[in-house]
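For ligands, and for the atoms within them, numbers begin at 1 and follow the listed sequence.
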Amino acid sequence: MTGLYDSFQRPVNYLRISVTDRCNLRCVYCMPEDGVPLLRHSDILSYEEIYDIARAAAGLGINKVRLTGGEPLVRASLSRLVKMLASISTIDEISLTTNGTLLAESVAELKAAGLKRVNISLDTLQPERFQSITRRGTLADTLKGITAAQDAGLNPVKLNMVVMAGVNDDELNNFAAKTVTDGWHVRFIEVMPFAGKPPAESGFFPVSAMKQRIESLGKLEPVLHTAGNGPAKYYRLPDATGTIGFITPVSEHFCYQCNRLRLTADGKLRPCLMSDREIDLKDALRRNVPAEDLQDLIRQAVAAKPRAHHLAEGCVPQGRFFSQIGG
Ligand code: SAM
Ligand code: SF4
């Protein structure tokens, strides 16, 4: 077999790279109101270091890369990194996950640098609610980012909504209707407990209940092939040009098809989002080890991927917030 396979014969070809732990928002399900203790600038990987890791990983079979954060667009000149990654011939897709607030001003440059696709987080269509969920954002900025990404041709632009009971679940059908009226591609995500907050306190709203509610608009027909490599299952409402995806990290975990590694902004490779195990690549990089040694560490991270997480049994990682890992 060529390429990277973990101990459970799952192929691993996808690297999520967190380029910063900083964010201009403070979403209630992701960060505490006062933010999190920030990394020192000297602890954050430079673009050159990220490039070295991506090149070593590409040499082993990683061919898809997603940039995330914190908010990736708060880091200066992100398009420079995109361009560097696009120069690695075996990486065939570079994508971005963003809150969209700063996207309108940089999307053309990012596209020209080689960005192929973008996922934008959007949890509500109500301006005041947007402020209360993000604690400091403005809905109009994210909507402007969405339009700019669509106009730039980064399609399909996927919109990620974290659904929380009593917070925004009453907007499910408004989002779903947008797949018919505006061709939106939306993905509804079950809120994951973070930093010890159990599901009951995070407003957990299961996908089964989301589907039931959306089906009041029409029957959801499964869609088999959509662009991307995520864990979502896709459906379409009658006459919709857009799709509806469901991501069920809690109620029905998709670990059996997990194909990814995560690189934190401070250079730790994380075999699993939901486990605190990490392998330090920054230390190796800064000791100037040869690329083969970096590749050995990447193989170790792949070998350390657990079969599955244990969220449903209440095992929640304690080490980092999602904003520090990249979601
Ligand atoms: N700042 C960017 C954004 O918001 O898209 C990228 C980083 S954010 C950590 C990546 C994704 O993780 C977002 O789609 C966000 O909604 C999701 N996320 C964060 N905390 C979550 C939680 N507790 N449960 C489910 N999804 C979460
Ligand atoms: Fe920032 Fe994204 Fe976390 Fe919201 S979800 S606080 S935008 S990192």
Can you tell me how far apart [atom1] ([X]) and [atom2] ([Y]) are? Round to the nearest 0.5 Å.
| X | Y | atom1 | atom2 | result |
| --- | --- | --- | --- | --- |
| Leu60 | Gln295 | CG | CD | 4.0 Å |
| Arg277 | Lys305 | CZ | NZ | 12.0 Å |
| Ser18 | Leu39 | OG | CG | 8.5 Å |
| Leu297 | Leu269 | CG | CG | 8.5 Å |
| Glu71 | Leu102 | CD | CG | 6.0 Å |
| Leu154 | Arg117 | CG | CZ | 9.5 Å |

Below 4.0 angstrom from a heavy atom of [X], which ligand 1 atoms are there? Numbered from 1 as shown, please.
| X | answer |
| --- | --- |
| Gly70 | 1 (N), 2 (C), 6 (C), 7 (C) |
| Thr68 | 6 (C), 7 (C) |
| Asn99 | 2 (C), 3 (C), 5 (O) |
| Glu190 | 25 (C) |
| Val162 | 16 (O), 26 (N) |

Please work out whether any backbone atom (N, CA, C, O) or any side-chain heavy atom from C-beta onward of Leu25 is under 4.0 Å from ligand 1, and answer side chain, backbone, both or neither.
neither
Would one find an N or O of [X], backbone or side chain, under 3.5 Å from an N or O of ligand 1?
| X | answer |
| --- | --- |
| Thr97 | no |
| Arg16 | no |
| Asn119 | no |
| Met192 | yes |
| Ser121 | yes |

Could Glu33 and Arg136 be called an ion pair, given the rule that one side-chain N must be under 4.0 Å from one carboxylate O?
no
Is it true that Asn173 and Ser216 share a donor-acceptor pair across their side chains at a distance under 3.5 Å?
yes
Taking the side chain as everything from C-beta on, heavy atoms only, tell me whether Arg129 gets closer than 4.5 Å to Asn168.
yes
Any side-chain heavy atom of Thr68 within less than 4.5 Å of one from Asn119?
no
Check for me whether Cys23 has a heavy atom closer than 4.0 Å to any atom of ligand 1.
no
Looking at ligand 1, does Ser18 have a heavy atom less than 4.0 Å from it?
no
N, O or S atoms of the protein lying under 2.8 Å from atom 3 (Fe) of ligand 2:
Cys30 SG
Ring geometry between Phe188 and Phe175 (parallel below 30°, tilted from 30 to 60°, perpendicular above 60°):
perpendicular
Quick check on side-chain hydrogen bond (donor to acceptor under 3.5 Å, both in side chains): which of Arg66, Glu93, Arg260, Arg262 does Tyr14 satisfy it with?
Arg66
